[in-house]
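Residue numbers start from 1 in every chain, and the chains themselves are labelled A, B, ... in the order their sequence lines are given, proteins ahead of strands.
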Amino acid sequence: MMIPVLLGVIIIVFSIMYITPGDPARMILGEAAPASAVAELRESLGLNGSYFSQLFTYVKKLVFEFDLGYSYASKKPVINEILERFPTTLLLATLSVTISVVVGVTMGIISATKQYSIFDKIATSIALLGVSMPTFWAGLMAVIIFAVHLRWLPASGSYGWEYWILPSLTLGLSSSATIMRMTRSSMLEVIRQDYIRTARAKGQKESVVIMFHALKNAMIPVVTVIGMRFGALLGGSVLIESVFAIPGLGKFIIDSINMRDNPVVQGGVLLLALSFSICNLLVDILYGFIDPRIKSQYSVLKKRGRKTNVAA
Amino acid sequence: MWQRKKKAPKKGFWNDAWYRLKKNKGAMLSLVVLLGLIICAIFADYIAPYPYDLQDYNHTFEFPSKKHLLGTDNFGRDILSRIIYGSRISLIVGFSSIIVAIIFGGLLGAISGYYGNKVDNAIMRAMDVLMAIPGMLLAISLAAALKPGLMNLVIAIAIADVPGYARVVRASVLTIKEQEYIEAAECIGAPDSRIILQHIIPNCLAPIIVQATLGMAGAILSASALSFLGLGIQPPTPEWGSMLSSARQYIRTYWHMTTFPGIAIMITIFALNVLGDGLRDALDPRLKN
């Protein structure tokens with residue numbers, strides 16, 4: 001299922017870059033280059049072929065040679081350039097997801113177990129505010145407060161662990177709001193179920209009831225949201241990286257867009273989409289571990305499939 | 001039991017929903033805020049204390065004062081006026097990208113849900129592909145490919161939103177399709193286009209409205225993010241995102257330039273989110289109680 005989707009992603013990204021105005025050959029050689037040289041380079045880059053032949057060579061090179069072309073700006077292979085910067089973005093996304101899961105799920109559980117209490121009301125309003133804040137603006141405000149006025153943390157760059165605090169907290173806390181809302185509503189649904197009452201009636205400790213009976217059953221929608229947040233974080237990292245001047249893939253993509261360095265943009269978006277797809281796949285696998293019913297559904301389907309094969 | 005003589009609410013789905021929405025204080029407050037914002041956008045010429053492009057080089061970087069309630073920017077332009085004018089762009093982009101996304105997403109979803117099988121498979125797989133690219137990233141690369149400008153900003157945001165609507169509409173079409181009135185319409189020989197446009201779409205409006213309200217919040221956020229990156233509305237047109245983008249250079253000294261446009265975005269999105277939640281509760285009474 002993943003391979004056709006990825007192929008589709010490649011086609012979409014390629015088409016977007018195909019319609020981008022500007023002549024790549026002209027970009028490589030510069031404004032002053034003679035027309036004959038540009039025409040020659042166009043020929044050797046295969047730019048004169050039709051849309052489909054160009055797409056075909058692009059996919060063929062990507063799949064068999066792992067070749068995404070060369071960056072116009074640095075003249076280096078795109079694949080090396082983006083893989084060099086990818087770990088930074090991945091680290092930022094992982095840190096933020098961890099923060100948002102820890103904060104979001106904890107707050108969601110507390111809010112749900114104490115529904116309509118002061119804590120719940122404050123937490124839900126803060127969460128709603130958090131959902132409404134543009135991430136990049138939250139980042140700018142964090143810079144104003146913590147870097148400019150309080151002088152606790154550095155404002156931008158990436159030279160040590162303290163440079164990671166502001167960006168990952170901004171990204172993490174802003175997406176913890178969504179996770180908190182989801183955890184809360186999902187927990188509220190589960191807490192009213194009969195088996196929770198049964199667990200309490202048999203004298204189980206409240207903490208065990210919440211953590212094992214309720215949370216485990218409320219996790220499915222929460223995990224879905226976490227997976228989707230990861231994708232949003234990869235997109236949001238583009239903004240946060242340029243706010244905090246972190247040399248990751250996101251900032252690289254934006255810089256390349258400004259320089260019209262199409263192969264880099266193409267490759268970068270592809271890599272981020274690929275990691276998003278892998279993340280979604282992991283979420284699907286995780287479903288099976290959280291909810292054994294889903295796993296058994298798959299095995300039933302498999303058995304059925306085998307039976308029909310035998311019959312045929 | 002005797003009831004108090006109160007004007008009984010009119011019957012009907014939409015009247016019921018309106019009645020429920022009216023009881024939700026937060027949602028009503030948000031509705032008022034949004035109406036105020038719309039009025040601001042329409043009558044910006046009369047409300048704004050200064051023209052948005054009036055430069056005053058004797059009063060640059062002024063902090064908030066009586067004369068300039070929210071201060072002035074690097075060209076001495078009044079920030080409050082620019083925020084008021086900026087609401088125009090945000091609302092236009094929000095509304096029109098949602099409408100474009102609903103039209104395309106809704107049609108695709110309705111066709112896919114109504115015909116099922118191969119058509120459904122083809123359309124939904126295409127939507128899966130679009131969903132596989134994080135929305136913000138898709139909007140960024142589309143906005144980079146098209147020339148910057150209002151129209152292209154709307155297109156970039158709308159395309160990234162289409163799959164969401166297609167899914168919502170498809171899901172509700174699948175349940176509506178089994179209803180008896182659809183069967184009745186088929187029996188009297190109504191053409192497919194009539195059934196989809198006249199019977200199915202009006203009946204799945206409720207989830208679309210909820211999705212649209214929340215989606216408009218997302219669209220305004222994306223628009224400001226794209227303008228912040230320099231891919232959307234170009235200066236000197238006042239837009240909240242591009243105001244933030246130009247304020248960024250002065251972040252160390254002039255906090256007011258960064259703070260207020262962001263607060264404007266936040267209030268708008270907050271109101272839309274609260275209204276969306278309220279609408280969901282009002283339109284889907286099963287969720288409450």
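- The number of heavy atoms from other shown groups lying within 6.0 Å of CD1 (A:Ile118) does not exceed 12.
- For the atom pair A:Leu272 CG and B:Leu137 CG, the distance stands at 5.0 Å (nearest 0.5 Å).
- The nearest pair of heavy atoms linking B:Asp128 to A:Val5 is O-CG1, 4.3 Å.
- With a threshold of 4.5 angstrom between heavy atoms, A:Met141 approaches chain B through side-chain atoms but not through N, CA, C or O.
- In this structure, chain A has no heavy atom under 4.5 Å from any part of B:Ala217.
- Residues B:Ser141 and A:Met17 approach most closely at CB-CE, 4.2 Å, considering heavy atoms.
- Interface remark: of the candidates A:Leu7, A:Leu140, A:Val13, A:Asn280, A:Leu140 forms the most heavy-atom pairs closer than 4.5 Å to chain B.
- The part of A:Ile12 that comes within reach of chain B is its side chain, from C-beta onward, which places non-hydrogen atoms under 4.5 angstrom from that chain.
- Between A:Val269 and B:Ile140 the shortest side-chain heavy-atom distance does not fall below 4.5 Å.
- Contact check for A:Leu128 versus B:Asp277: side-chain heavy atoms found under the 4.5 Å cut-off.
- In this structure, chain B has a heavy atom under 4.5 Å from the side chain of A:Ile257, while its backbone stays farther away.
- Atoms CD1 and CG, from B:Ile133 and A:Leu234 in turn, are 12.5 Å apart once rounded to the nearest 0.5 Å.
- Only the side chain of B:Leu231 has a heavy atom closer than 4.5 Å to any heavy atom of chain A.
- The most heavy-atom pairs under 4.5 Å with chain A, out of B:Thr268, B:Leu146, B:Ile263, come from B:Ile263.
- With a threshold of 4.5 angstrom between heavy atoms, A:Val243 approaches chain B through its backbone and through its side chain.
- Looking at A:Ile254, only its side chain comes within 4.5 Å of chain B, counting heavy atoms on both sides.
- Highest contact tally toward chain A, considering only B:Ala225, B:Ala271, B:Ala143, is held by B:Ala225 [criterion: heavy-atom pairs under 4.5 Å].
- Separating the CZ atom in A:Arg181 from the CG atom in B:Asn273 is a distance of 6.5 Å, to the nearest 0.5 Å.
- When the shell of 6.0 Å around CZ of A:Phe86 is examined, it contains more than 12 heavy atoms from other residues, nucleotides or ligands.
- Using a 4.5 Å cut-off between heavy atoms, B:Phe270 touches chain A through backbone and side chain atoms alike.
- Residue A:Tyr18 places its OH atom among more than 12 non-hydrogen atoms of other residues, nucleotides or ligands, all under 6.0 Å distant.
- Within a 6.0 Å radius of CE in A:Met182, more than 12 heavy atoms belonging to other residues, nucleotides or ligands are found.
- The residue among B:Ala145, B:Ser222, B:Ala144 with the most heavy atom pairs within less than 4.5 Å of chain A is B:Ala145.
- Note that the CH2 atom of A:Trp137 and the CG atom of B:Leu221 stand 11.5 Å from one another [nearest 0.5 Å].
- Nearest approach of B:Ala132 to A:Val9, heavy atoms of both residues: CB-CG2, 3.8 Å.
- Residue contact with chain A, scored on non-hydrogen atoms closer than 4.5 Å, involves the backbone and the side chain of B:Met266 alike.
- The distance from atom CD1 of B:Ile265 to atom OG of A:Ser132, rounded to the nearest 0.5 Å, is 11.5 Å.
- For chain A, the option among B:Gly135, B:Gly230, B:Ser224 with the highest count of heavy-atom pairs below 4.5 Å is B:Ser224.
- Here A:Leu239 contributes atom CG and B:Met136 contributes atom CE; the two are 5.0 Å apart, rounded to the nearest 0.5 Å.
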task: Report the C-alpha separation of B:Leu229 and A:Phe136 in whole Å, then their side-chain angles, then the decisive distance to 0.1 Å, and conclude whether the side-chain contact (heavy atoms from CB on, under 4.5 Å) test is met.
output: CA-CA 10 Å; B:Leu229 291 173; A:Phe136 60 94; over 6 Å; no
